[in-house]
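Below is one structure; the comments refer to it alone.
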Amino acid sequence: MTKALVIYFKAVRLLMRFLVSLTIPKPLNFMYLLPLKRMTCLAALFFFYLPLIAQNLNGQKITVGVDAPAFIIFNAEVINVEWNSAEGSKYYNCKVRNNNSMSITFKGEDKSVPENIGVTVQEGKRNHYFIISLHKSYDINRDPPLWYDYKDLKDLKKYIQKQQTTNKEDLARLEKEENEKKQQDEAERQREVASTKMQQEAASVKRKQELAEKETQEKIQQQELEQQLMKAKDAEQKKEAERKQAEILAKKNEEERIKTEAASKKEEEKRKADDAIAKKKEEERIKTEETLTKKKQDDDRKKEEALTRKKEEEKRKTNEAIARMAEQDRAKALALAKAKAEEDRKKEEAAARAEAKRVEEEKKKADAIAKIKAEEDRKKKEELARLETKRKEEEKKKADAMAKARLDEERKKREHEEALARIKQLEEEKERKRKEKAYSRIGLWERYGSKGINVFDIPEKQFNIANADFFLTSDTLRNYNNSQAILKENPVLNVASEKSVNGGVSLVLESITFNAPNAYFKIRIINKSKEDFLMGFTGLYWYNEDGSPKKWLYCSYITYIQGFPIVPPGQETRIVLVTRDATIPDKDMLNINMSDRRPEKEQLNIIFDADVYNKERMKIEKKVTSEEPAIPKTETEPAPKSKKQKGKRNRKANESL
């Protein structure tokens, strides 16, 4: 398949050259010698390939650094890459990234590298021919990045139209204009760098003036807050005294209420005892009357029974006399019997009248007793009702007084709580302002700036390893957007610093991300100490395989570029360190070191093999040239180096700085 593609590309190049030669008016006689059918086919092919030819780069020069890859960005996906000779794959690596870009890296296998090594790149429906040139003196830290952007097809078309010019004078003029434009761009780049530095210095002076003004305002506000707090405390003390006095009064009222209730209870018990005695006497009187009435009834009954027996006895005797005298004087007896019967009737009527009179007298007596008892009961009920009404009125008065005292107490308690809440709010506001002030510009100035520790500007040493990208607005904006996206991603690495320093400060490398010509190192700063960590000078150092120091990879950007973060005790933060993407052998080593702004504090170091760096880059790259086998991905982490070797390399890095 690869050989077929090579033959296809060569045929296409020959056809393109032939079609271009047809446009030159020299071989006109040859045109007439071509058969008509062949001319028709060539004309059709010419018009078919004309739009594609207009977007194909031919002979564009790509510069590669010894330790700096070249990056080419296209509009579409890179399908295939072919070197025009075996020397290409011998000296260079071509890899395609997942964002329609490719990198060309120098292998560093030979000191003498042939010039003008060609490579053909198939990108979408376009075919480009590039000439690769090694720039041996290219400085990855100082020179502009080797970044070729052909993503915009309109710009690509204009560039190719210029490239297709055959007039030598036009070519020389275009080359001169291009060189002049490069010089102007570089001069503008340097002017922007110088302007940015001057702006930062001016901003530093302005910040100091603003700090002095804000410090005065902050002192005035603090005094006003203290006065408000004192007034609130005085008002609260006054209300507290009133509340205590109200509590004493309420307590006194409560004691009086208890005494009154005890007296009322005692009076009620006495009344109940009197009622019980009166009731008992009444019951005894009624019982006595009932006993007398019952005794009289028994006596009357016994008299009546005796009278009845006497009457019966007399009747019997009379009957016996009559029976004896019946025979003698029946008529007399009959008269006597009649007289006797009349007398008995009269006696019975008299007894009945006496009994009726007695019953009526007893009834009148009982009615009089009942009337007297009812009157006494009525008077007792009226007296009880009067006493109950009086008791209720007194209880109502006491309840009203207690309710009023309770409302007063609740009102004063509420006012007390509101006053306490106001005092608490003022104290919280004071504490909040104190904490905010601790990390405000004024607070930081009082805690650090006044002691000669500059926490507002970029550390002076940082400028020593900052390349021009660090100051260019367009590069800063691009790196800022990329860094913000990286900060939101989940960690993929866990490479910790060799030790915790300064009472519990440590670093963790969480990811290495690659985009265009830059590498982005996401670092987590963990502060478990009891004081602030003032992030200071931060950089990435490159060591050779034998442990000897090689160079700093200059800083292109750091998150919070306008002010390095201050990590409070017990907290952590993440930053992104950006450098140029370098060609680093797997056996070399990298050291991310970070210092505290206070010189007496120990610096932090994350030391790891370059193999980690390259493996992360391999996740987004793949080889497309057929001459080289694909490199399998692996997730294994490098073995840690000895502490002795790490310390030696750290000392060498610091000495080189």
Side-chain angles (χ1 to χ4, degrees), residues 196-223 225-226 428-466 470-471 483 497 499-508 523-539 555 557-577 592-606 650 654 657:
T196 305
K197 287 183 178 180
M198 289 177 64
Q199 288 175 4
Q200 289 179 351
E201 291 174 357
S204 177
V205 174
K206 187 178 179 181
R207 276 196 294 271
K208 289 179 180 178
Q209 293 174 352
E210 290 175 351
L211 280 173
E213 294 175 358
K214 286 184 178 179
E215 187 174 7
T216 305
Q217 293 177 359
E218 185 70 20
K219 286 180 179 178
I220 294 171
Q221 292 177 359
Q222 186 69 18
Q223 289 174 358
L225 183 62
E226 292 287 348
E428 288 177 352
E429 180 70 13
K430 183 179 177 182
E431 181 65 18
R432 183 183 65 79
K433 285 190 175 182
R434 186 189 67 78
K435 289 181 179 178
E436 287 180 355
K437 182 183 176 182
Y439 291 96
S440 67
R441 288 189 174 274
I442 295 172
L444 293 173
W445 172 258
E446 290 177 352
R447 292 197 293 150
Y448 301 114
S450 60
K451 299 174 183 177
I453 303 169
N454 185 359
V455 293
F456 305 105
D457 301 313
I458 299 171
E460 292 181 3
K461 285 186 178 181
Q462 201 69 46
F463 290 108
N464 297 337
I465 62 162
F470 193 85
F471 304 98
S483 298
S497 53
K499 63 179 179 178
S500 295
V501 301
N502 306 326
V505 184
S506 60
L507 303 178
V508 176
I523 304 165
R524 178 160 57 111
I525 306 172
I526 306 167
N527 185 6
K528 294 183 179 179
S529 69
K530 296 181 179 180
E531 59 180 349
D532 295 334
F533 173 71
L534 313 178
M535 178 182 167
F537 168 76
T538 300
C555 174
Y557 177 82
I558 292 185
T559 320
Y560 316 110
I561 195 169
Q562 292 302 324
F564 285 19
I566 296 173
V567 187
Q571 296 186 25
E572 60 182 43
T573 191
R574 288 173 171 80
I575 63 126
V576 176
L577 169 67
I592 299 173
N593 47 47
M594 183 182 297
S595 301
D596 193 290
R597 287 183 182 262
R598 292 161 290 194
E600 69 274 10
K601 298 294 183 180
E602 189 175 354
Q603 74 172 9
L604 291 149
N605 295 281
I606 303 177
N650 291 340
N654 291 331
L657 179 64

CG/Asp596 to CD/Gln603 distance, rounded to the nearest 0.5 angstrom?
11.0 Å
Between atom CH2 of Trp445 and atom CD1 of Ile453, what is the distance when rounded to the nearest 0.5 Å?
11.0 Å
Rounded distance (nearest 0.5 Å) linking atom CD1 of Ile458 with atom CZ of Phe470:
4.0 Å
Tell me whether Asn593 contacts the main-chain N or O of Asn605 through its side chain, where contact means a donor paired with an acceptor under 3.5 Å.
no
Shortest non-hydrogen pair, Gln462 vs Phe537, comes out as OE1-CA, 3.4 Å
Can you name the closest pair of heavy atoms from Asp532 and Arg598 and give their distance?
O-NH2, 2.6 Å
So how far is it from Gln571 CD to Ile566 CD1, rounded to the nearest 0.5 Å?
12.0 Å
Minimum-distance pair of heavy atoms, taken over all atoms of Leu604 and Ser497
CD2-OG, 4.3 Å
When every non-hydrogen atom of Phe533 is compared with those of Ser595, the smallest separation belongs to CZ-O, 4.1 Å
Shortest non-hydrogen contact between Asn527 and Pro568, atoms and distance:
ND2-O, 3.3 Å
Considering non-hydrogen atoms only, spot the tightest contact between Gly536 and Arg597 and give its length.
CA-CG, 3.8 Å
Any sub-3.5 Å donor-acceptor pair from Thr559's side-chain atoms to Val576's backbone N or O?
yes
Under 30°, 30 to 60°, or over 60°: which ring-plane class applies to Phe471 and Phe463, parallel, tilted or perpendicular?
parallel
Can you measure from NZ (Lys451) to CD (Glu446) and round to the nearest 0.5 angstrom?
10.0 Å
Name the residue from Val501, Ile575, Ile606, Val505 that meets the side-chain contact (heavy atoms from CB on, under 4.5 Å) definition with Met594.
Ile575
Pairwise distance CG(Leu534) to CZ(Arg447) - rounded to 0.5 angstrom
8.0 Å
